[in-house]
Amino acid sequence: MQKLVIDGSQGEGGGQILRSSLTLAAITQTPLELVNIRARRSKPGLLRQHLTAVRAAAAVCGATVEGAELGSRALSFQPGPVRGGYHAVAVGSAGSTTLVCQTVLPILVAARQAAELEFSGGTHNPLAPPYDFLEHVYFPLLRRMGVELRSELLTAGFHPAGGGRFRVSLGACGELRPLELLEAEVAPPVRAWTLSSRVPVHVAERELGVVREGLGLTQEQTERIDVDSPGPGNALCVRIGAELPELVTAFGEKGRRAEEVAGDAVRRARAFLEARVPVGEHLADQLIVMMALAGGAFRTGPLSSHTRTNVDVVRAWLGDDVVEVREEPTRALLRFTPRRGRAPRVEAEAASTGEA
Amino acid sequence: MHRRLVVLGFYGSVLDGGASDKRWDKWRPTVALCQHEDLVVHRLELLHTRTALKGVQQLVRDIALVSPETQVRPHCVNLADAWDFEEVFAALHEFARGYRFVPERERYLIHITTGSHVMQICWFLLTESRHFPGQLLQTSPPKRKDGDVAGDYRIIDLDLSKYDRLARRFDEERAEGISFLKSGIATRNAAFNELIDRVELVALRSREPVLLTGPPGAGKSHLARQIYELKKARGLVDGPFVGVNCATLRGDGAMSALFGHVRGAFTGAAKDRKGLLRSADRGLLFLDEIGELGLEEQAMLLGCLETKRFLPVGTDTEVTSDFQLIAGTNRDLSAAVRAGRFREDLLARINLWTFALPALRDRPEDIEPNLTYELERASRRLGRQVTFNAEARELFLAFATSPGASWPGNFRDFGAAVLRMATLSAGGRIDEDTVAAEVRRLRASWSDAPDGSAQPDDGDEPDDGDAPDGSARPDDGDELLQADVPFDVGELDLFDRVQLREVIRICRSSRSLSEAGRTLFAVSRTKKTSVNDADRLKKYLARFGLSWAELTGAR
């Protein structure tokens with residue numbers, strides 16, 4: 001099979017290029033040759049969190065991998081048949097379980113495999129979407145595409161101790177349904193909650209107080225959730241919308257006042273409400289690969305360079321016409337035309353051809 | 001295959017400790033080193049004392065959270081006092097000896113940030129001595145407050161050659177040392193330069209005896225002196241330089257000159273005498289012409305080299321002296337051993353580092369840099385600046401590097417020649433006449449010298465009777481030539497003799513130097529725009545110690 005060479009130095013986000021490419025290599029069953037990985041960074045080459053993603057993707061599609069070493073500037077990833085069933089992925093606290101989840105999940109969906117996935121490590125990390133984002137934003141959209149999926153947070157894992165755990169059960173799904181996410185909800189309902197472990201109760205109470213005042217919420221619309229995690233941590237989540245929600249998260253940290261943390265969340269929630277787009281910047285990034293498989297369209301704010309890079313990667317794998325980008329004065333419309341082809345090989349299939 | 005990373009370190013009860021939730025707010029070096037995005041520790045060998053057991057268990061649990069890739073292996077080490085150097089060193093040394101290092105599959109880093117300063121010192125010493133075949137790892141807390149918890153780490157490789165700037169510094173230091181050994185003379189002879197490179201290494205790394213061989217005047221005692229000065233400059237000796245020529249130590253006085261005596265040891269021993277060996281204590285003893293030493297003195301010297309102790313004449317009390325020996329010889333000591341004149345065991349002892357200094361005639365490319373050096377030396381001795389004029393310098397160099405210049409006395413001859421010319425120079429300027437006179441002098445003295453010919457020890461060569469190269473021997477024409485030149489024509493090749501004879505004939509039939517030049521260089525002058533034929537001829541004659549005035553005036 002002809003391999004695809006991807007330049008890991010293009011645009012922004014070397015990590016996103018890597019993760020999207022791993023997913024698409026497995027789905028299209030095309031060998032990936034990633035070169036110039038993070039070439040212009042102060043610590044060039046593969047970092048630890050990237051290696052975790054490579055290992056997880058390799059486990060799900062039985063890939064043969066070369067160059068999966070710290071600091072490696074080139075990676076070759078030769079996908080094999082996709083394996084459903086149970087997979088456990090352990091990530092150090094600096095990495096993010098949610099990003100790894102978003103790397104492997106589309107592979108299993110495209111291969112129509114039932115799976116039980118268990119992720120352990122950090123679940124609430126300032127540098128990645130928290131587990132709440134998956135549960136409230138990403139997974140509901142997957143369900144609307146026809147993906148049968150249940151998930152459960154067993155333990156929250158905060159930065160820096162980590163030690164969190166969540167489980168995702170995936171049913172074998174059929175053809176994906178296209179999704180049209182073109183208009184923002186009118187007068188979306190807002191809810192807010194905190195997730196805290198081993199920090200004084202007053203921290204969460206003060207945060208929720210600021211949010212109630214700033215976004216005009218009632219006591220019933222806010223909730224303080226206390227969890228038991230191996231390490232201390234505090235996350236404040238604001239959910240905007242019901243049908244098509246967005247989630248804004250802020251993290252408490254040592255030396256930062258609760259009012260400051262909550263003020264930051266209020267500011268970003270207001271900005272999203274005013275932008276009046278159905279899909280926020282982070283969701284746009286996460287949706288591109290799935291929409292390229294399911295089809296449909298979504299409208300988002302002005303494209304970030306991060307999102308543009310992701311569009312380029314998807315086009316490299318699935319063809320230029322898989323996504324059409326129409327830029328409007330303050331917004332952008334992305335329309336997807338999925339390439340209908342054979343689903344990736346799965347393990348059972350490979351076994352039967354082996355016998356023939 | 002990528003090697004797995006193994007870190008060895010001590011549990012730091014202060015920095016690594018903490019059981020409350022607050023421990024996650026502080027920087028714990030051993031946890032932090034497992035949190036780097038560009039460093040994955042596959043195995044951590046965590047040394048700790050018995051009292052730290054609880055803290056270690058907590059640390060193992062915490063590292064499992066932040067770094068599922070890391071396997072932690074605690075090792076309990078019995079230490080009563082973490083600040084006791086002997087105890088810590090012994091404990092680490094034992095650990096190193098009992099550990100199975102597999103460097104082809106694993107890479108080792110020694111984490112020195114935690115533990116007492118004495119532990120740091122011991123880690124360093126044992127890593128430097130390669131008991132721990134790894135590099136040092138130093139970690140430091142985060143500088144910024146942006147959620148970074150891992151901080152920084154640095155790997156310190158003790159292989160200094162891997163650092164460009166340090167390597168350059170060492171190269172410069174070496175170049176300085178080498179230049180010092182050569183007295184700043186930019187010598188060009190490859191074999192000689194290589195020899196000095198090796199001398200520099202040995203001088204700075206070894207205190208064992210050194211043997212310098214080479215013909216007289218090749219620079220043995222000068223080099224011994226420079227070796228001493230170099231060692232002294234680098235703090236490797238603090239005693240004096242003591243040098244003596246063993247040829248001057250023959251007879252009864254030799255023993256007491258070398259080993260000293262006490263008052264009344266023999267008739268005439270009116271006072272105690274320290275002796276040269278004891279004077280050289282903590283310094284360097286140079287025994288030139290060691291082959292001239294008597295057998296009894298050789299035996300005493302050998303004993304002293306082996307035990308650093310000896311008995312001065314007339315006492316039963318041993319004295320000690322710790323010196324480095326440099327021996328010089330121009331004799332074949334192996335032959336002396338065969339002839340029973342030199343002790344085989346002493347030769348074996350001093351023959352560890354042997355350097356054979358080449359004769360000056362084997363280093364023609366070094367004559368020019370040495371000329372500059374000798375001229376400066378002569379100027380200092382005479383107390384006035386002396387220079388050559390350009391032609392004179394060229395004349396002298398042409399002679400000095402010619403095959404006829406055998407320099408049997410090597411630098412002694414060479415230095416003397418320069419000193420004579422400098423002394424005779426008018427107004428500090430050495431001219432062509434001074435050079436020509438010196439060349440004649442040298443040729444005369446070399447042909448007079450009994451063994452100072454260009455082909456020493458001819459008798460050693462196998463003689464093949466009726467020589468087929470009989471043409472190389474003087475013939476009738478050479479007898480005529482001999483009358484004209486101030487040296488033995490037998491020293492010249494037939495090639496030179498034939499040429500010189502004809503040149504002299506042309507000179508004698510010409511009215512002036514210029515006319516002779518025109519005749520001799522008639523062909524080449526038509527091909528050049530301007531040429532000084534007279535000058536060319538003058539230089540040719542000078543090579544043989546001849547001058548126009550002399551040749552034609554004698555007519």
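Labels below follow one simple rule: chain letters A, B, ... track the order of the sequence lines, proteins then strands, and each chain is numbered from 1. Just so it is clear, the structure is predicted and the values come from calculations on it, not from any experiment.
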Open item on the list: For B:Arg234, is the CZ atom crowded, meaning more than 12 foreign heavy atoms sit under 6.0 Å from it?
Closed with: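 Correct, the count exceeds 12.
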- [ ] Identify the residues of residues 46-56 of chain B whose heavy atoms come closer than 4.5 Å to a heavy atom of chain A, ordered by number, or report 'none'.
- [x] none
Measure across [X] and [Y] and return the closest heavy-atom pair with its distance rounded to 0.1 Å.
X       : Y        : answer
B:Trp24 : A:Pro232 : CD1-CD, 3.3 Å
A:Leu70 : B:Val40  : CD1-N, 3.2 Å
B:Val66 : A:Ala161 : CG1-O, 3.7 Å

TODO: Please list all pairs passing the salt bridge (charged side-chain N to carboxylate O under 4.0 Å, His left out) test where one or both residues lie in residues 80-100 of chain B, with sequence neighbours left out.
DONE: none
Task: Residue pairs, two or more places apart or on separate chains, that pass salt bridge (charged side-chain N to carboxylate O under 4.0 Å, His left out) and touch residues 116-125 of chain A - done: A:Glu118-A:Arg165, A:Glu118-A:Arg167
Task: Test item: A:Arg48 and B:Ser67 side chains (from C-beta on) under 4.5 Å apart, heavy atoms - done: yes
- [ ] Test side-chain contact (heavy atoms from CB on, under 4.5 Å) on B:Glu69 and A:Leu51 and set out the steps.
- [x] CA-CA 11 Å; B:Glu69 299 97 324; A:Leu51 291 185; over 6 Å; no
Task: side-chain contact (heavy atoms from CB on, under 4.5 Å) evaluation trace for A:Lys43 with B:Glu37 - done: CA-CA 9 Å; A:Lys43 287 176 180 173; B:Glu37 266 294 278; 5.7 Å; no
- [ ] Sorted by first residue and then second, give each side chain to side chain donor-acceptor pair (under 3.5 Å) pair with at least one member in residues 197-206 of chain A; sequence neighbours left out.
- [x] A:Arg198-A:Asp228, A:Arg198-B:Asp21, A:His202-A:Arg206, A:Glu205-A:Arg224, A:Arg206-A:Glu259
TODO: Could you grab the distance from atom CG of B:Asp25 to atom CD of A:Glu253, nearest 0.5 Å is fine?
DONE: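 Those atoms lie 10.5 Å apart.
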TODO: Using non-hydrogen atoms and a 4.5 Å limit, figure out which bit of A:Pro126 sits close to chain B: side chain, backbone, both or neither.
DONE: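 Nothing of A:Pro126, per the 4.5 Å heavy-atom cut-off to chain B.
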